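Below is one structure; the comments refer to it alone.
Note that this is a predicted model, so its numbers are computed, not measured. Side chains included, hydrogens not; waters and symmetry mates left out as well; all remaining heavy atoms used.
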Amino acid sequence: MITEIPKQEWKEFLDNLSRDLDGWETHIEVFSSDVGAQVISEGLPFHGLTAEPKGDDFTIELLIGSGTESHQTHVISNPVRIAFEGPGVGPHGVLDIEDASNTKTLIKFIQPFPVLVEYENTEIIATATVR
């Protein structure tokens, strides 16, 4: 199900999405008429989207990666449409942001598998029978 987010709700929606999906893996593609489709990142952790109003316009910043080696910021100037496609349960899916030049940024969120580490301290007791 695709839900278009009204402009007056962008900031709150992106703040909530940033909180709910922090650390999730991403696959990010940009589609534009002058350069076609480009994958700009694959598998980097999501760390937030900020929507900064500038008069009637907005600037959206996408923060992904961790540490200085893989940290990236992607800026979307003059967005005109934000839509979210989710499976209907939970806060995951694809975020579609379109700007005034008809460039689309698609952010696919992938829930990370939890790391399962279990340690059990066991005591081994050996018995010996002497005859």
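Residue Asp22 comes nearest to Phe46 through the heavy atom pair OD1-O, 3.2 Å, listed as atom of the first residue, atom of the second, then distance. Taking each heavy atom of Pro45 and Gly23 in turn, the nearest pair found is CB-O, 3.9 Å.
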Walk me through whether Ile110 and Trp24 qualify under side-chain contact (heavy atoms from CB on, under 4.5 Å).
CA-CA 6 Å; Ile110 304 146; Trp24 284 39; 5.9 Å; no
For side-chain contact (heavy atoms from CB on, under 4.5 Å), just list the numbers for Ser77 and Val75, CA-CA rounded to whole Å, side-chain angles, deciding distance to a tenth of an Å, and then say yes or no.
CA-CA 6 Å; Ser77 299; Val75 177; 4.0 Å; yes
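Within the 4.5 Å cutoff, no side-chain heavy atoms of Ile64 are placed close to those of His74. At least one side-chain heavy atom of Leu14 sits less than 4.5 Å from a side-chain heavy atom of Ile82. Considering only heavy atoms from C-beta on, Phe58 stays 4.5 Å or farther from Asn78 through its side chain. Between Thr59 and Ile76, every side-chain heavy-atom pair lies at or beyond the 4.5 Å cut-off.
One distance of note links NZ of Lys11 with CG of Asn16; it measures 10.5 Å at 0.5 Å rounding. Remark: Glu9 CD to Thr3 OG1 distance equals 10.5 Å, nearest 0.5 Å. The CD atom of Glu85 sits 13.0 Å away from the CD atom of Glu4 when rounded to the nearest 0.5 Å. Residue Leu49 holds its CG atom at 6.5 Å from CG of Leu17, rounded to the nearest 0.5 Å. We find the OG-CG distance between Ser41 and Leu62 to be 7.0 Å, quoted to the nearest 0.5 Å. The OG1 atom of Thr26 sits 8.5 Å away from the CD atom of Gln72 when rounded to the nearest 0.5 Å.
Cluster membership for Leu95 and Ile40, using ILVMFWY side-chain heavy atoms within less than 4.5 angstrom, is shared.
Taking the six-membered ring for Trp and thresholds of 30 and 60 degrees, Phe109 and Phe84 have ring planes inclined between 30 and 60 degrees apart.
Side chain of His47 to main chain of Gly65: a donor-acceptor pair is present (N/O by atom type, distance under 3.5 Å, no hydrogens or angles). A donor-acceptor contact shorter than 3.5 Å is absent between the side chain of Trp10 and the backbone of Ala51.
With no hydrogens or angles considered, a side-chain donor-acceptor pair links His27 and Glu29 at under 3.5 Å.
We find that Asp99 and Lys104 are not joined by a salt bridge, their nearest charged nitrogen and carboxylate oxygen being 4.0 Å or further apart.
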